[in-house]
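Presented below is the structure to which this report refers.
Heavy-atom basis, side chains included; hydrogens, waters and symmetry copies ignored. Throughout, a chain's letter reflects where its sequence line sits, starting with A, and its residues are numbered from 1.
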Protein chains: 2
Amino acid sequence: MKKLDSTSKADLPSQIAKAIRDFIMAGDLIVDERLPSESELADQFDVSRPTVREALKRLAAQSLIRTQRGASGGAFVNRLSFEEAYGQQITTSTLLLSMNAVSFETACEARYALERACAALASQRRTDKQLSVMKSEIARQADADLTDEAFCASDVAFHRALVDGAGNPVLSYQLAGAVEAMQPLMNMITFTERSRATIIALHQRILDALRNRDAGLADSALVDLDEYTRSLGREVVSKRQARTGTTSTA
Amino acid sequence: MKKLDSTSKADLPSQIAKAIRDFIMAGDLIVDERLPSESELADQFDVSRPTVREALKRLAAQSLIRTQRGASGGAFVNRLSFEEAYGQQITTSTLLLSMNAVSFETACEARYALERACAALASQRRTDKQLSVMKSEIARQADADLTDEAFCASDVAFHRALVDGAGNPVLSYQLAGAVEAMQPLMNMITFTERSRATIIALHQRILDALRNRDAGLADSALVDLDEYTRSLGREVVSKRQARTGTTSTA
DNA sequence: TTTTTTCATTTGTCAGACAATTAAAAGTCT
DNA sequence: AGACTTTTAATTGTCTGACAAATGAAAAAA
């Protein structure tokens with residue numbers, strides 16, 4: 001049924017995990033189907049149960065399977081939900097950004113490039129509900145008592161509504177990772193009263209454009225927001241360099 | 001140092017993995033730093049070594065750590081490469097598309113929306129090397145003996161060069177997942193001689209536009225390619241429905 | 001000093017055991 | 001018969017202990 005490559009130098013759990021993963025991805029195991037028990041798998045692959053367990057844990061870490069204890073328990077092929085996929089994407093993106101020292105400029109550019117693509121679609125398809133979410137987030141952002149973190153969170157919610165306005169779950173999924181992963185970077189930026197007002201005004205321009213289904217205005221507002229966000233980032237970086245003399249970009 | 005939430009109902013390896021992952025993501029463990037040995041971790045978390053091992057395997061499955069045997073071996077924080085991130089993104093995206101029955105239309109729309117965003121940047125930044133890659137892929141696609149799979153692979157290579165032309169690794173990373181994940185769907189489409197010629201002509205238009213740094217022409221060529229790809233998809237779906245009477249969208 | 005050997009450390013794998021959980025089967029009462 | 005309770009078997013979760021394999025470092029020999 002399943003076979004291992006005995007010539008491979010990879011450790012056994014990896015090989016077993018790969019074999020099962022290939023099985024699932026090829027469609028030989030469908031969603032909610034039960035895998036053989038750990039003991040049976042151990043027999044099939046001719047390894048011990050702990051080895052099989054490690055392989056299953058690897059798959060569980062990727063949300064490919066879920067396990068259940070009990071009489072009719074076992075490992076089941078998991079229907080990957082968009083939510084779980086978000087989580088993984090965010091984890092991966094966050095690490096990529098933090099470890100590969102992607103510059104704020106690069107991350108910003110990618111984010112707004114994707115958002116502009118969404119805005120073009122959203123200007124056609126946005127629902128009233130999404131407009132009202134954006135409106136209420138703008139109202140929240142105007143609260144002077146808001147902490148920087150809360151301001152950023154509201155910002156994320158606003159942009160999320162914008163992205164969802166495109167009505168394309170694949171785009172929402174792709175972008176969610178980028179936006180969320182950028183939040184630690186965004187949090188490092190200090191939002192003065194003046195910069196908050198500027199951002200809110202730009203948000204309002206985006207909202208108005210979407211309300212009027214004007215893709216061109218939405219795009220130009222996003223371009224301006226892109227440029228403004230980058231200038232804020234540059235400011236923070238230069239200030240820090242002046243203060244510490246470091247050249248880190250992370 | 002590290003603590004577990006004893007009130008959580010999640011299994012121990014999950015909690016341990018989360019604790020270590022949070023440690024890494026917070027920057028308390030930097031790249032290439034060595035984690036305590038499995039025995040030491042077992043003592044710290046007050047669990048047995050196999051339990052720790054399962055936790056480490058989960059992290060290894062996410063490419064967060066790598067392990068090495070031997071005297072000075074152990075688990076080390078892994079520098080997540082874009083390549084590894086690609087792999088994970090592709091796995092996740094493929095499963096999402098295959099299991100959540102995203103329609104061909106939706107996937108197509110997302111893909112070309114992202115590509116158009118890249119093309120705008122690529123028209124400014126593309127290098128001669130990327131242009132030559134695109135040119136040679138077009139030449140390959142003109143070979144009538146090419147199998148459909150090889151044609152698709154060449155198509156992916158062409159679009160990859162286009163995306164890389166944007167010079168933004170974050171965008172490349174985001175899009176790689178979408179494009180690769182769509183390949184199984186694309187492979188299902190039968191490419192007639194006529195459709196191949198049409199696609200090649202559109203590729204040529206894109207190449208010419210990028211060569212002349214004309215963002216507008218590149219965009220309109222991609223819009224046309226988007227529309228043409230979707231029409232091919234609709235054709236295949238309607239033919240299949242007529243033949244089998246199924247209404248599946250996957 | 002250079003090479004070889006030995007050794008301690010660490011992960012990889014295994015075997016076996018017991019606990020916790022759960023659904024189904026068996027039993028019991030009305 | 002039907003509803004409820006108890007038992008039971010299956011399965012994963014976790015632990016203990018052990019040995020193999022790899023590997024770098026220290027010790028010994030040339």
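- Using cut-offs of 30° and 60° for the angle between ring planes, the B:Y173 and B:Y86 rings count as parallel.
- Contact record, A:A61 with B:Q62: O-NE2, 3.8 Å, taken as the closest heavy-atom pair.
- Considering only residues two or more places apart in sequence or on other chains, A:V179 meets the side chain to side chain contact (heavy atoms under 4.5 Å, CB included) condition with A:R111, A:E115, A:V156, A:L175.
- Remark: A:D164 does not engage A:R125 in a salt bridge, criterion side-chain N to carboxylate O under 4.0 Å.
- A salt bridge between A:D43 and A:R49 is absent, with no side-chain N of the basic residue lying under 4.0 Å from a carboxylate O of the acidic one.
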When you compare the protein's N or O atoms with those of nucleotides 8-18 of chain C, which come within less than 3.5 Å of each other, and at what distance?
residue, atom, partner, partner atom, Å
C:dT9, O2, B:A71, N, 3.3
C:dT10, O4', B:G70, O, 3.1
C:dT11, OP1, B:E38, N, 3.4
C:dT11, OP2, B:E38, N, 3.1
C:dG12, OP1, B:T67, OG1, 3.1
C:dG12, OP2, B:R53, NH1, 2.8
C:dG12, OP2, B:R53, NH2, 3.3
C:dG12, O4', B:R69, NH1, 2.7
C:dG12, O6, B:R49, NH2, 2.9
C:dT13, OP1, A:L12, N, 2.9
C:dT13, O4, B:R49, NH2, 3.1
C:dC14, OP2, A:S48, N, 3.1
C:dC14, OP2, A:S48, OG, 3.2
C:dC14, OP2, A:T51, OG1, 2.3
C:dA17, N6, A:R49, NH2, 3.3

